[in-house]
Number of protein chains: 2
Amino acid sequence: MASSSGTQSISRAAALLRVIATRNAAGLRLSELVTATGLERPTARRILQGLIDEGMVRQAPETRRYFLGPALFELGLAASPGLDPRGLCTESLERIAAQTGDTVFLTIRSAFDSVCLDRREGSYPVRALTVEIGARRALGSTAGGIALLMTLPEDEAERIIDANTLRLPRYGTLNAARLRKMVARGRTLGYALNSDDIIHGVSGVAIALPTIPALPAMALSLAAISSRLGPERQREVVAVMRAEVDVVLERARAWRQGLSGAAW
Amino acid sequence: MASSSGTQSISRAAALLRVIATRNAAGLRLSELVTATGLERPTARRILQGLIDEGMVRQAPETRRYFLGPALFELGLAASPGLDPRGLCTESLERIAAQTGDTVFLTIRSAFDSVCLDRREGSYPVRALTVEIGARRALGSTAGGIALLMTLPEDEAERIIDANTLRLPRYGTLNAARLRKMVARGRTLGYALNSDDIIHGVSGVAIALPTIPALPAMALSLAAISSRLGPERQREVVAVMRAEVDVVLERARAWRQGLSGAAW
DNA sequence: TATCGTAGTCCATAAAGTGGACATCAGAGC
DNA sequence: GCTCTGATGTCCACTTTATGGACTACGATA
């Protein structure tokens with residue numbers, strides 16, 4: 001982690017931003033940020049103040065909680081890749097959510113983490129909103145993350161699980177050993193499955209997309225209360241998702257040929 | 001500019017990111033970044049290296065040019081406001097581009113700058129692609145920016161033009177005095193007009209959207225080669241855009257009532 | 001081969017950032 | 001009301017970090 005040199009405060013600032021991104025909907029208190037990053041309170045405060053001055057962080061005046069700021073939204077736009085993974089999958093997510101009634105997620109891999117790019121909620125009245133858009137989590141701590149691990153060479157997946165060992169328990173009743181079993185089970189089943197393994201009462205299935213050049217590794221996942229996701233329904237739902245994967249791949253192919261049109 | 005204290009490197013890093021965002025499609029060379037930010041070369045290099053380590057900047061191995069990195073894209077997602085200005089206007093931009101055949105932009109105000117949130121290209125073979133998505137420019141240096149200035153109280157617009165005086169000439173044959181006239185002309189016409197005023201041969205029209213609570217000030221604009229945008233056609237095109245403003249406002253209203261549905 | 005412009009590296013130095021200690025405030029408990 | 005607790009925010013002497021002048025490396029141009 002000791003990045004070469006001369007950039008201590010930048011890596012600290014980046015760490016703060018990443019932590020805030022984890023739970024941006026609710027925002028974080030200063031003390032939470034301090035424990036999450038291991039910084040001293042005055043240091044964290046000062047850096048946050050600097051980020052606020054730059055518009056990268058916003059502090060709610062009433063609650064004093066910290067949120068990501070508009071400048072990041074704007075920079076993020078400029079940083080968007082030409083082929084936008086999110087735009088590519090919007091309609092597919094919508095269709096899956098509509099057909100299944102459950103909550104659907106688009107997840108990408110980012111180093112040792114997974115990042116939730118998009119989410120659609122189905123019509124079923126009990127919703128499993130476990131992950132919010134933009135949330136960054138240890139790779140493997142969601143069904144989508146497990147699907148992404150499944151596509152990696154075993155030694156690389158192992159390296160990542162190893163690196164994430166300490167972070168995994170934070171998300172519920174998870175640990176490295178259980179995650180390894182879940183990845184193995186996923187390989188057998190042909191799709192990633194989390195049934196009550198991470199948060200009690202919530203289950204999820206996920207499949208990774210084949211690699212699309214110029215895009216990060218992506219996965220589609222679906223979450224519901226466990227009673228709605230028995231073995232039979234898992235297979236149904238995965239079939240729906242597989243069909244949409246084909247749609248996405250076709251759209252990406254069309255885009256590559258300049259037939260962009262409604263690519264986003 | 002002298003932000004209180006204790007965050008010099010953060011404000012320097014932010015300045016670098018903002019400059020890169022200005023022309024992210026082509027990327028920037030180190031020397032360009034040095035002159036644009038006024039930093040010493042080793043300093044800029046070191047900070048860029050730190051940003052690269054954090055994934056916020058990417059350096060093309062071949063050309064050594066610097067681009068915004070994937071981490072910003074991911075953070076930007078998490079920073080997206082609940083009501084997404086871009087999603088809100090996607091279809092409207094598409095329809096305007098389809099109906100007019102020209103290039104259409106969605107722009108927001110961000111302090112003294114305008115930021116291009118989205119762009120759609122029409123079918124007309126000669127395209128005016130003056131601004132790229134994510135590009136941050138001095139407020140007033142595009143038709144969209146002028147439309148945004150028009151909606152502000154005169155003294156505030158004046159303050160902004162004043163602050164931007166030095167930056168305006170960078171974008172073509174523009175200066176503070178001409179901009180003031182253009183804002184005045186826009187107030188008379190009822191829409192912002194740039195006919196050959198900024199870049200020779202390129203014209204544009206723009207209208208601001210009424211303020212939508214919880215969203216930044218927004219404007220729709222359209223650019224074309226000047227021969228396609230005489231007074232008559234200006235009025236036609238503005239009529240199309242006005243109709244779409246109503247659509248957007250209706251969508252925002254629907255969203256507020258929880259009837260979100262396809263809000264994005 | 002010499003010259004220029006650009007990118008990257010080094011390291012003595014100084015300034016910027018650090019964090020222990022203190023001040024302040026809101027709410028809980030007596 | 002008054003004290004206690006746990007939080008946020010501020011200060012400033014100290015020292016670690018970041019700075020930038022000077023150097024090297026490379027490639028294009030003459």
Side-chain angles (χ1 to χ4, degrees), chain A residues 1-69 71, chain B residues 1-69 71:
Chain A
M1 281 240 170
S3 51
S4 40
S5 73
T7 43
Q8 189 199 54
S9 52
I10 287 173
S11 68
R12 289 176 168 189
L16 284 167
L17 292 177
R18 275 193 298 268
V19 171
I20 300 178
T22 304
R23 296 192 276 144
N24 191 50
L28 286 106
R29 336 184 92 242
L30 178 56
S31 53
E32 296 175 302
L33 286 167
V34 165
T35 54
T37 57
L39 298 172
E40 295 294 330
R41 197 174 39 265
T43 303
R45 244 290 302 187
R46 187 163 21 79
I47 293 174
L48 286 166
Q49 187 57 50
L51 291 169
I52 289 170
D53 291 345
E54 302 298 337
M56 296 195 173
V57 167
R58 188 170 54 78
Q59 183 173 28
E62 208 40 49
T63 61
R64 306 195 157 171
R65 282 167 175 268
Y66 295 89
F67 300 81
L68 298 181
Chain B
M1 281 240 172
S3 52
S4 38
S5 73
T7 43
Q8 189 198 54
S9 52
I10 287 173
S11 69
R12 288 177 168 187
L16 284 167
L17 292 177
R18 276 193 297 268
V19 171
I20 300 177
T22 306
R23 295 191 276 144
N24 189 51
L28 286 109
R29 336 183 90 243
L30 179 57
S31 55
E32 295 174 303
L33 286 167
V34 165
T35 54
T37 57
L39 297 171
E40 297 293 330
R41 198 178 32 267
T43 303
R45 244 289 302 186
R46 185 163 22 78
I47 293 174
L48 286 167
Q49 188 57 51
L51 291 170
I52 289 171
D53 292 344
E54 302 297 338
M56 296 195 173
V57 167
R58 188 171 54 80
Q59 183 173 27
E62 207 40 50
T63 61
R64 306 197 154 170
R65 283 169 174 266
Y66 295 89
F67 300 83
L68 298 181

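Naming convention: chains lettered A, B, ... in sequence-line order (proteins, then strands); numbering from 1 in each chain.
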Review point. Roughly, in whole Å, what's the span from CD1 in B:Ile47 to P in C:dG8?
Key: 15 Å

Check your understanding: Would you say a side-chain N or O of A:Arg64 is under 4.0 Å from OP1 or OP2 of C:dA26?
Key -> no

Practice item. Tell me whether the OP1 or OP2 atom of C:dT6 has a side-chain N or O from B:Arg29 closer than 4.0 Å. Key: no

Review point. Is the phosphate of D:dT19, meaning OP1 or OP2, less than 4.0 Å from a side-chain N or O of B:Arg12?
Key: yes

Exercise for review: Tell me, with the steps shown, if A:Asp53 and A:Gln49 meet side chain to side chain contact (heavy atoms under 4.5 Å, CB included).
Suggested key: CA-CA 6 Å; A:Asp53 291 345; A:Gln49 187 57 50; 3.4 Å; yes

Point to revise | Min side-chain heavy-atom separation A:Leu48-A:Gln59 under 4.5 Å | key: no

Revision key, fill the gap. Note: contacts of residues 30-42 of chain A with DNA chain D (heavy atom, under 4.0 Å) are A:Leu30, A:Ser31, A:Arg41, A:Pro42

Review point. Think B:Tyr66 has a side-chain N or O under 4.0 angstrom from the OP1 or OP2 of C:dG8?
Key: yes

Point to revise | Side-chain N or O of B:Gln8 closer than 4.0 Å to phosphate OP1/OP2 of D:dT19 | key: yes

Check your understanding: Can you tell if the side chain of A:Leu17 reaches within under 4.5 Å of the side chain of B:Glu54, non-hydrogen atoms only?
Key -> no

Point to revise | B:Leu28 CG to C:dT6 P, straight-line distance once rounded to whole Å | key: 14 Å

**Study point:** Test log, rule side chain to side chain contact (heavy atoms under 4.5 Å, CB included), inputs A:Arg23 and A:Leu28
**Key:** CA-CA 7 Å; A:Arg23 296 192 276 144; A:Leu28 286 106; 3.4 Å; yes

Point to revise | Distance test, side-chain N/O of A:Arg45 to OP1/OP2 of D:dA7, below 4.0 Å | key: no

Exercise for review: May I ask you to verify if any side-chain N or O of B:Gln59 is less than 4.0 angstrom from the OP1 or OP2 atom of C:dG8?
Suggested key: yes

**Study point:** Sub-4.5 Å side-chain heavy-atom contact between B:Leu30 and B:Arg41
**Key:** yes

Revision key, fill the gap. Taken to the nearest 0.5 Å, the spacing of B:Arg58 CZ from B:Ile20 CD1 works out to 10.0 Å

Review point. Heavy atoms, side chains only, cut-off 4.5 Å: are B:Leu16 and B:Leu39 in contact?
Key: yes

Exercise for review: Using whole Å, report how far CG of A:Leu48 lies from P of D:dT10.
Suggested key: 13 Å

Review point. Which part of the nucleic acid, if any, lies within contact of A:Arg65, taking any heavy atom under 4.0 Å across all strands shown: a base, the sugar-phosphate backbone alone, or nothing?
Key: nothing

Study note, to complete from the structure: When rounded to whole Å, the CZ to C1' distance for the pair B:Arg46 and C:dG17 reads 14 Å

Check your understanding: D:dA18 phosphate, OP1 or OP2: any side-chain N/O from A:Ser9 under 4.0 angstrom?
Key -> yes

Point to revise | Separation of atom CD in B:Gln49 from atom P in D:dT19, rounded to whole Å | key: 14 Å

